[in-house]
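The first residue in the sequence is number 1, and the count goes up from there. Quick note: numbers below take in every heavy atom, side chains included, and nothing from hydrogens, waters or symmetry partners.
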Amino acid sequence: MKRCFIFAAGTFYGLREQPGAPDDFVIAADAGYETCRKAAVTPDVILGDFDSMDAPSEGPGVIRLPVEKDDTDTMAAVKLGLERGCQEFYIYGGTGGKRLDHTLANLQTLLYLRRRGARGFLYDDAFVWTVIENESITIEQTVEWGLLSVFCLGDRAEGVFEQGVQYPLEDAALTAEFPLGVSNHILEPKAEVRVGRGALAVGWELLPLCSR
């Protein structure tokens, strides 16, 4: 499965999954190029409108985007990764910083990926997010009493099950107006989250990098 690594301009908390396979595709989205440099990762492509950093020298790996556009730089990177045949996306620097709006946009971008047959992982500080729709996901417990949060992405999600957790759910309905799924805890070696109809943002706690 071809992987795409996207480095965005938000807060970088360190590498979890690392590029290195021959067909891995690495994109620096605008000021995410500085994150690549800090992580000693060489991007295949640098793209953006370069409103948050000076544009790098022109070259085959530089794609300039207009400032006035519908796509965020991260969304443009996601679309490019899909065009290149990538099916797994690891997004760093997509949270934190001073822009909560970009964090929310990137959570929506995970749903964009899922609806196109790919899966994205959005890394925060010792936390990772993905999206499921009309399906289930199994999550390995990486931290004792590790946090698990589930939010409805849409008006309503039905047939929601959570197993292996402190507060199990069985055939529940989650809505966008009430955060019922926040701050659960994984108790078993593996937890399962399932939704029969609808989309969920699912996030769980990871070990601090210094503990790995």
For the pair R3 and Q87, evaluate side-chain contact (heavy atoms from CB on, under 4.5 Å) and give the outcome as yes or no after the intermediate values. CA-CA 6 Å; R3 305 186 302 173; Q87 296 173 292; over 6 Å; no

Test side-chain contact (heavy atoms from CB on, under 4.5 Å) on I132 and R119 and set out the steps. CA-CA 9 Å; I132 62 174; R119 182 174 298 284; 3.8 Å; yes

Quick check with a 6.0 Å cut-off and a 45 degree axis cone: is R115 positioned over the face of Y112's six-membered ring? no

Go through D30 and F7 one step at a time and tell me if the side-chain contact (heavy atoms from CB on, under 4.5 Å) criterion holds. CA-CA 9 Å; D30 208 282; F7 291 82; over 6 Å; no

Verify, without hydrogens or angle tests, whether K38 (side chain) and Y33 (backbone) share a donor-acceptor contact under 3.5 angstrom. no

Under the side chain to side chain donor-acceptor pair (under 3.5 Å) rule, what pairs show up with a residue in residues 149-163, not counting sequence neighbours? R156-E158, E162-N184

Lys/Arg N to Asp/Glu carboxylate O, R99 vs D101, below 4.0 Å: yes

Test side-chain contact (heavy atoms from CB on, under 4.5 Å) applied to Y123 and T95, T11, L206, the passing residue: L206

Side-chain donor or acceptor of T142 paired with backbone N/O of E205 under 3.5 Å: yes

R194 charged N/C atom sitting above F161 aromatic ring, 6.0 Å / 45°: yes

If hydrophobic residues (ILVMFWY) are linked whenever their side-chain heavy atoms come closer than 4.5 Å, directly or via other members, who joins W145 in its cluster? L187

Under 3.5 Å: donor-acceptor pair, side chain of E135, backbone of E133: yes

Between P43 and V41, what is the shortest heavy-atom contact and its length? CD-O, 3.4 Å

Does one hydrophobic cluster hold both V182 and W129, with members joined at side-chain heavy-atom distances below 4.5 Å? yes

Closest approach of G81 and C4, non-hydrogen atoms and distance? CA-SG, 4.1 Å

